[in-house]
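First the structure, in the form of structure tokens, and then the observations on it.
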Amino acid sequence: FRLRADPGRYLLSVGVVPFSATGHLTIEGAIGGPRTVEVVKQDGQVEVDVEVGENPLAIELDGYGLLRWLTLVQKIPPKS
């Protein structure tokens, strides 16, 4: 799955249920390099802080799974 967003800091939430007991969700294209997080079938959800630059984000699950939803919410810095 690929998506574009304006540069900034975001909270990426993914509702995904791997067909096996666990799966690994890899996020590429974020500043700081690729990140891999474990998804447990019972939970079916992961949240990851990401910093987006000029590149689109690429999100991939190893193996098969059911993607239920995906949100990318920008973190607004507090006013000083």
Audit row: L57, R2, side-chain contact (heavy atoms from CB on, under 4.5 Å) steps and yes/no:
CA-CA 6 Å; L57 292 179; R2 291 181 66 178; over 6 Å; no
Might you point out which heavy atoms bring P7 and Q74 nearest each other, and give the distance in Å?
O-NE2, 4.1 Å
Should the heavy atoms of other residues, nucleotides or ligands under 6.0 Å from CD of E51 be counted, would the total exceed 12?
yes
Which value, rounded to the nearest 0.5 Å, describes the distance between D6 atom CG and E54 atom CD?
9.0 Å
Do the side chains of V16 and V40 join up, straight or via other hydrophobic residues, at under 4.5 Å, putting them in one cluster?
no
E60 side, atom CD; T26 side, atom OG1 - distance, nearest 0.5 Å:
6.5 Å
Could you walk me through whether L25 and I59 satisfy the side-chain contact (heavy atoms from CB on, under 4.5 Å) test, starting with their C-alpha distance in whole Å, then the side-chain angles of each, then the deciding distance to 0.1 Å, before giving a yes or no?
CA-CA 7 Å; L25 190 75; I59 301 161; 3.7 Å; yes
side-chain contact (heavy atoms from CB on, under 4.5 Å), that's the test. Do W69 and S13 meet it? Break it down for me.
CA-CA 8 Å; W69 49 266; S13 299; 3.6 Å; yes
Here the gap from R9 atom CZ to I76 atom CD1, rounded to the nearest 0.5 Å, amounts to 13.0 Å
Run the numbers on Y10 and V52 for side-chain contact (heavy atoms from CB on, under 4.5 Å), then give the verdict.
CA-CA 7 Å; Y10 293 85; V52 175; 3.6 Å; yes
Same apolar cluster (I L V M F W Y, side chains within < 4.5 Å links), V46/F1
yes
If you take all heavy atoms of V50 and L12, which pair is closest and at what distance?
CG2-CB, 4.4 Å
So among L70, L72, V39, which one has a side-chain contact (heavy atoms from CB on, under 4.5 Å) with V14?
L70
K41 to F19 - nearest heavy-atom pair and separation
NZ-O, 3.3 Å
Heavy-atom pair with the smallest gap, counting every atom of P56 and R4:
CD-NH1, 3.7 Å
Which pair of heavy atoms, one from D49 and one from R35, lies closest together, and at what distance?
O-NH1, 2.7 Å
When hydrophobic residues are tied together by side-chain contacts of less than 4.5 Å, even through go-betweens, does L61 share a cluster with L67?
yes
Is it true that a side-chain atom of D62 and a backbone atom of H24 form a donor plus acceptor pair closer than 3.5 Å?
yes
